[in-house]
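Just so it is clear: chains get the letters A, B, ... in the order the sequence lines come, proteins before strands, and each one is counted from 1. Both backbone and side-chain heavy atoms feed into the values below; hydrogens, waters and symmetry mates do not.
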Number of protein chains: 2
Amino acid sequence: MKDKATSFDIAYRAGVSQSTVSRALRNSPLVNEATRTKIQAIAKELNYKVDKNASNLRTQQSDTIALLLFEDPTNDDSAINPFFLSMLGSITRACSNKGYDLLVSFQQASDDWHADFEDSNKADGLILLGYGDFVDFEEKLVQLTEQGTHFVRWGAEVEDLSLVSIGCDNFQGGKEVTEHVINQGRKNIAFLGSASSHAPEFFDRYKGHCEALKSHNLTVNPELQFNALYTEEAGYKAACRLIESNESFDAICAASDLIAIGAMRALKEHGKSIPEEVTVAGFDDIAIASFTFPPLTTVKQDTKIAGEMLVESLLKLIAGEDVSTSLIKPELVVRKSCGE
Amino acid sequence: MKDKATSFDIAYRAGVSQSTVSRALRNSPLVNEATRTKIQAIAKELNYKVDKNASNLRTQQSDTIALLLFEDPTNDDSAINPFFLSMLGSITRACSNKGYDLLVSFQQASDDWHADFEDSNKADGLILLGYGDFVDFEEKLVQLTEQGTHFVRWGAEVEDLSLVSIGCDNFQGGKEVTEHVINQGRKNIAFLGSASSHAPEFFDRYKGHCEALKSHNLTVNPELQFNALYTEEAGYKAACRLIESNESFDAICAASDLIAIGAMRALKEHGKSIPEEVTVAGFDDIAIASFTFPPLTTVKQDTKIAGEMLVESLLKLIAGEDVSTSLIKPELVVRKSCGE
DNA sequence: CTGAAAGCGCTTACAG
DNA sequence: CTGAAAGCGCTTACAG
């Protein structure tokens with residue numbers, strides 16, 4: 001491998017100063033047209049690329065965004081949650097489109113992740129994405145804000161904290177899907193998913209769920225809510241508890257598709273037909289949802305739009321513009337798991 | 001936001017020189033224990049982080065790897081292929097474990113992607129991942145090699161090119177799955193997937209497929225091979241062509257799970273029962289494969305191991321060690337789409 | 001329009 | 001064990 005060319009090499013060949021080379025390569029209008037053309041030709045010929053470490057050091061910005069995907073530590077080695085994987089893809093694409101590079105990092109318990117990337121000048125800003133106990137997480141958000149770090153996060157809006165969140169309107173989504181289930185004639189509807197401030201997204205979906213029940217004059221039976229977090233296994237177990245509880249139920253609204261899929265597995269094992277005996281609905285619309293049997297009725301969170309909004313909001317924030325928290329509209333996707 | 005602290009700020013507070021600060025923070029054995037402790041305490045207090053641009057510029061390395069995911073340009077805005085998405089996740093995790101950062105970039109037609117990251121000193125090496133016409137792609141690989149870029153790629157081994165590839169033993173996988181189908185009593189087995197050097201992975205799977213047929217004294221009928229590339233839609237269309245061809249067939253081996261899923265859709269639409277009338281097998285074992293109806297028998301490519309091997313091989317390469325191309329063992333995953 | 005020069009914040013050979 | 005100094009490769013105010 002030959003040594004990399006520097007701007008001095010180009011200057012030498014072009015018979016100009018290194019400053020002029022730098023200007024020409026940045027398309028500065030200060031530089032003479034002919035000189036610029038010549039310099040750019042030489043640069044191309046030498047396969048020259050501006051050294052990003054040097055230019056970033058000089059300009060104190062990196063044109064790079066860091067994506068921190070934090071996960072439940074219990075979930076160590078297993079597959080990444082498909083919804084977040086899809087977000088990862090969409091954010092990567094949105095960054096490419098904006099000419100930014102994306103540094104991706106998975107975070108576990110490490111307690112100083114919050115600042116590393118921006119403080120070490122590797123990224124101009126951060127996108128936070130993931131799950132885990134929100135109460136623990138909140139402290140870190142406060143720290144980040146205090147340090148003046150530029151960041152946006154995916155998730156539910158947080159009261160009393162002035163940070164930019166992009167999230168799905170979970171309340172609305174939970175309400176719409178439950179209304180659909182009610183319209184299919186179901187009355188005893190269980191909710192599988194944690195309903196506490198430790199998992200605010202799920203909690204909002206549950207609140208929307210309850211709202212739908214109330215507005216249709218159905219009673220909210222707390223015995224029909226079972227906690228479950230982020231895995232298919234959690235959904236399976238919650239459904240087993242529901243079945244063994246002897247509460248009567250004819251429908252399940254799950255706080256996520258993965259939970260719904262686990263619930264379907266439990267129902268099948270217990271000989272319950274879907275959707276005849278029990279209908280099942282999910283949330284997220286991950287790719288798998290179209291392929292379950294029966295295909296899963298769910299609420300789509302548009303990851304493509306979400307990724308674009310996260311990136312755009314962060315870039316505005318970095319540019320010093322005002323950015324407001326915003327909600328993405330959920331969309332009911334009717335398949336067959338709640339009847340035709 | 002207060003200004004970031006530099007090593008000079010720390011030096012000032014600690015009453016030592018900046019060189020000593022730098023040494024202490026890098027845990028150099030040269031530095032006195034007490035001095036080091038003191039300096040590190042101050043650094044922590046000031047929330048100091050080494051400026052990576054400066055240190056990378058100085059050391060000429062970045063502790064960063066770039067992942068280039070190139071895609072078929074026709075596939076512009078749709079979802080990313082789930083198999084590659086899963087690889088992305090596993091590579092990210094493997095990098096984290098090794099203490100490297102990962103720069104992710106999607107590449108389309110752009111014709112000078114090959115060098116950008118390493119030449120601009122943003123990354124120490126490259127991982128190439130993706131699909132598209134291999135013949136076009138090959139030229140770029142040659143260029144990369146000539147420039148002395150450090151890179152590894154996921155994919156089939158390439159003769160005559162000395163580059164490091166990590167890939168699945170596609171021949172073996174194609175052979176095993178076909179043998180399974182034969183053992184289920186099927187004789188007229190169609191293959192859905194391109195069989196040409198433009199898609200070497202698929203081609204190898206097809207070769208393994210043919211080998212299995214031959215070794216069981218079944219004739220290879222070229223009329224039963226239909227081209228299809230990387231999408232569910234392509235699989236659907238190929239299966240339609242198969243059905244309309246009036247060739248008789250009782251089984252389909254697909255070159256990927258996505259193709260298999262598309263084929264299942266076509267079969268169902270044409271009223272063919274799976275697995276009774278036609279069995280279907282895929283390749284990859286993407287997450288969706290367990291949830292199709294019936295669940296898809298397929299060949300697993302272990303993305304977790306693959307990601308680790310790609311990262312480890314690249315790090316060795318960067319360190320100047322010899323690395324050999326290697327193959328990952330495929331694993332037959334029997335579900336119900338080929339009968340019990 | 002161009003050049004000489006300073007400086008971004010580190011790491012590390014050199015000298016002690 | 002520690003410090004003074006050079007230098008990594010750029011960008012950009014300053015002077016012309």
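A search for side chain to side chain donor-acceptor pair (under 3.5 Å) contacts involving A/Ser313 returns nothing, not counting sequence neighbours. For the ring-ring contact (aromatic ring centres under 6.0 Å, His included) test, residues two or more places apart in sequence or in another chain that qualify with B/Phe84 are B/Tyr131. By the side chain to side chain donor-acceptor pair (under 3.5 Å) test, B/Glu201 is found to be paired with no residue, residues two or more places apart in sequence or in another chain being considered. The side chain to side chain donor-acceptor pair (under 3.5 Å) check on A/Ser165 picks up A/Arg153, with sequence neighbours excluded. The salt bridge (charged side-chain N to carboxylate O under 4.0 Å, His left out) check on B/Arg36 picks up B/Glu33, with sequence neighbours excluded. With sequence neighbours left out, the side chain to side chain donor-acceptor pair (under 3.5 Å) criterion links A/Ser55 to no other residue. In this structure, B/Tyr12 has no side-chain contact (heavy atoms from CB on, under 4.5 Å) partners at least two apart in sequence or on a different chain.
When all heavy atoms are compared, the tightest approach of B/Leu102 to B/Ala66 is CD2-C, 4.3 Å.
Comparing B/Gln60 and B/Val31 by the nucleotide of DNA chain D that holds the closest heavy atom to each, the one mapping nearer the 5' end is B/Val31. Residues B/Leu57 and B/Asn32 each lie close to DNA chain D; by heavy-atom proximity, the contact nearer the 5' end of the strand is made by B/Asn32.
Heavy-atom distances under 4.0 Å link DNA chain C to B/Gln18, B/Ser19, B/Ser22, B/Arg23, B/Arg26 of residues 16-26 of chain B, given in residue order.
Using a 4.0 Å cutoff to heavy atoms of chain B, the contacted part of DNA chain D runs 5' to 3' from D/dC1 to D/dG9.
Annotation: salt bridge (Lys or Arg N to Asp or Glu O under 4.0 Å) contacts involving residues 10-27 of chain A, sequence neighbours excluded, are absent.
For the C1' atom pair drawn from D/dG16 and D/dT12, the interatomic distance equals 16 Å after rounding to whole Å.
Helical stems in DNA chain D, defined as runs of 3 or more consecutive Watson-Crick or G-U wobble pairs with donor-acceptor distances under 3.5 Å: C:1-3 with D:14-16, C:5-12 with D:5-12, C:14-16 with D:1-3.
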All N/O donor-acceptor pairs, side-chain side in residues 315-324 of chain B, below 3.5 Å, sequence neighbours left out:
none

